[in-house]
Number of protein chains: 2
Amino acid sequence: MSGPRPFANALELLRNAGLRPTRQRLALARLLFDQGDRHVTAEQLHAEVLTASMPVSLATVYNALHQFVGAGLLREVVVNPGRSYFDTNVSDHHHFFLEDAGKLVDIPGDRIDVANVPAPPAGTAIRRVDVIIRVEREPA
Amino acid sequence: MSGPRPFANALELLRNAGLRPTRQRLALARLLFDQGDRHVTAEQLHAEVLTASMPVSLATVYNALHQFVGAGLLREVVVNPGRSYFDTNVSDHHHFFLEDAGKLVDIPGDRIDVANVPAPPAGTAIRRVDVIIRVEREPA
DNA sequence: TTCTGTTTTAGAACTATTCTAATCTGTTGA
DNA sequence: TCAACAGATTAGAATAGTTCTAAAACAGAA
């Protein structure tokens, strides 16, 4: 009865995804989905859930993140070698990547046009189009 | 006097980039630039240079790849967490990424249109726009 | 409750990459 | 030509992020 959430609560969200609503997954789902759109790394989320006095192991954080991606609740964004971001916004959109700060900023799908996409190589089908606009601190 | 190369030879290419033309860098530059456009990982290039009976340490391969990127001879493409690709095509273009095979395929810059790019966040300037079209083996 | 399959966990293992400190090499200038 | 020095290379250790393993804990069904 308060925020604009796609599901009534984390429990229902997990049930809909066919994931058993364990304490750990509930805690993680709440952190991820009870705020607006977020871009988190596994380490960040792990730190948050520990701070929230709900100890969850790092392995479980990774497991849950991947299960959420598999269930379409989360999207993995790759911008940096050796570190994955998980995006709670799974609608059609793209990203600014602030290289200095290591931060992602959403660009709504309708705020950018990608046209004339050539046909994919023979025997393959397009799964997704990712546009990443890398920005840097403006030279003084 | 044979192939279509942007520089007469690896030696001149390194000199122009302000890099001392050592044996190792010459060997790597030849492998990278004497063929057409390539997308290699550090490990792949290391394996190639060893096969070519010119032992070069992995650390040197990484050093050289980064120096080549810094000199604008190479471009780093990030599509996978935990593995970098280096692209010898530094002109304006984009990529198909064949997820099953882990292969990159160039899309010439003029074969795709990215329009209406929104203004970058305050205080930042666009450094590069990357379009990655992820494709998968066509479902049978 | 008890049972069963799933989930969680600590810690080890793994992969890609970077660092370190010693050795070597290319270039410069005498 | 050669000495000297800055820069480059190297093996191996170290690091970061992630995945794996095997054992213990748990959720849900009966």
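All chains are named by letter (A, B, ...) in the order of the sequence lines, taking the proteins before the strands, and each is independently numbered beginning at 1. This one's a predicted model, so the numbers in the text were calculated from it and none came from an experiment.
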Student: Measure the distance from CZ on B:R23 to C1' on D:dT10 and round it to the nearest whole Å.
Tutor: 12 Å

Student: Taking five pairs at each end of the helix from C:dT1-D:dA30 to C:dA30-D:dT1, what angle separates the two helix axes (nearest 10°)?
Tutor: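 End-to-end axis angle: 20°.
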
Student: Determine whether more than 12 heavy atoms belonging to other residues, nucleotides or ligands lie under 6.0 Å from atom CZ of B:R127.
Tutor: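 Count over threshold, so yes.
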
Student: Under 3.5 Å, is there a donor-acceptor pair linking the side chains of A:S84 and A:E76?
Tutor: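 Yes - a donor-acceptor pair under 3.5 Å links their side chains.
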
Student: Does CZ in A:R137 sit with more than 12 non-hydrogen atoms of other residues, nucleotides or ligands closer than 6.0 Å?
Tutor: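 Not buried by this count: 12 neighbours or fewer within 6.0 Å.
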
Student: Within this structure, what is the CD-to-P distance between B:Q67 and D:dG7, rounded to whole angstrom?
Tutor: 13 Å

Student: Taking atom CZ of B:R75 and atom OG1 of B:T88, what is their separation to the nearest 0.5 Å?
Tutor: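 It comes to 11.0 Å.
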
Student: I'd like to know if B:V40 and B:V90 are part of one continuous hydrophobic network [Ile/Leu/Val/Met/Phe/Trp/Tyr, side-chain heavy atoms within less than 4.5 Å].
Tutor: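 No, it is not one cluster - the side chains of B:V90 and B:V40 are not joined through contacts under 4.5 Å.
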
Student: Return the residues of residues 47-64 of chain B meeting this criterion: a heavy atom under 4.0 Å from some atom of DNA chain D. Order them by number, or give none.
Tutor: B:P55, B:V56, B:S57, B:A59, B:T60, B:N63

Student: What's the separation between atom NZ in A:K103 and atom NE2 in A:H39, rounded to the nearest 0.5 Å?
Tutor: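 Interatomic distance, A:K103 NZ to A:H39 NE2, rounded to 0.5 Å: 11.0 Å.
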
Student: Using whole Å, what does the distance between atom C1' of nucleotide D:dA8 and atom CG of B:L19 come to?
Tutor: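 My rounded result for the distance is 11 Å.
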
Student: Counting just side-chain N and O atoms, does B:Q24 come under 4.0 Å of either OP1 or OP2 of D:dT10?
Tutor: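 Yes.
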
Student: Across the strands shown, which category fits B:P21 at heavy-atom distances under 4.0 angstrom: base, sugar-phosphate, nothing?
Tutor: sugar-phosphate

Student: Would you call the rings of A:H93 and A:H95 parallel, tilted or perpendicular, where under 30° means parallel and over 60° means perpendicular?
Tutor: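 Judged by the thresholds at 30° and 60°, the geometry between A:H93 and A:H95 is perpendicular.
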
Student: Is it the case that one hydrophobic cluster holds both A:V69 and A:V49, taking links as side-chain heavy atoms less than 4.5 Å apart, direct or via other members?
Tutor: yes

Student: Please check if the number of heavy atoms outside B:R128 that lie under 6.0 Å from its CZ is greater than 12.
Tutor: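 Yes, CZ of B:R128 has more than 12 neighbouring heavy atoms, counting only those of other groups under 6.0 Å.
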
Student: Atom CG of A:L32 and atom CZ of A:F86: how far apart are they, to the nearest 0.5 Å?
Tutor: 10.0 Å

Student: Rounded to whole angstrom units, what separation is found between the CG atom of B:N80 and the P atom of D:dT18?
Tutor: 12 Å

Student: Would you say B:R25 reaches D:dA8's phosphate, i.e. side-chain N/O to OP1/OP2 under 4.0 Å?
Tutor: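 True: B:R25 side-chain N/O within range (under 4.0 Å) of D:dA8 OP1/OP2.
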
Student: Please find the earliest and latest nucleotides of DNA chain C, in the 5' to 3' direction, that have an atom within less than 4.0 Å of any heavy atom of chain A.
Tutor: C:dG5 to C:dA10

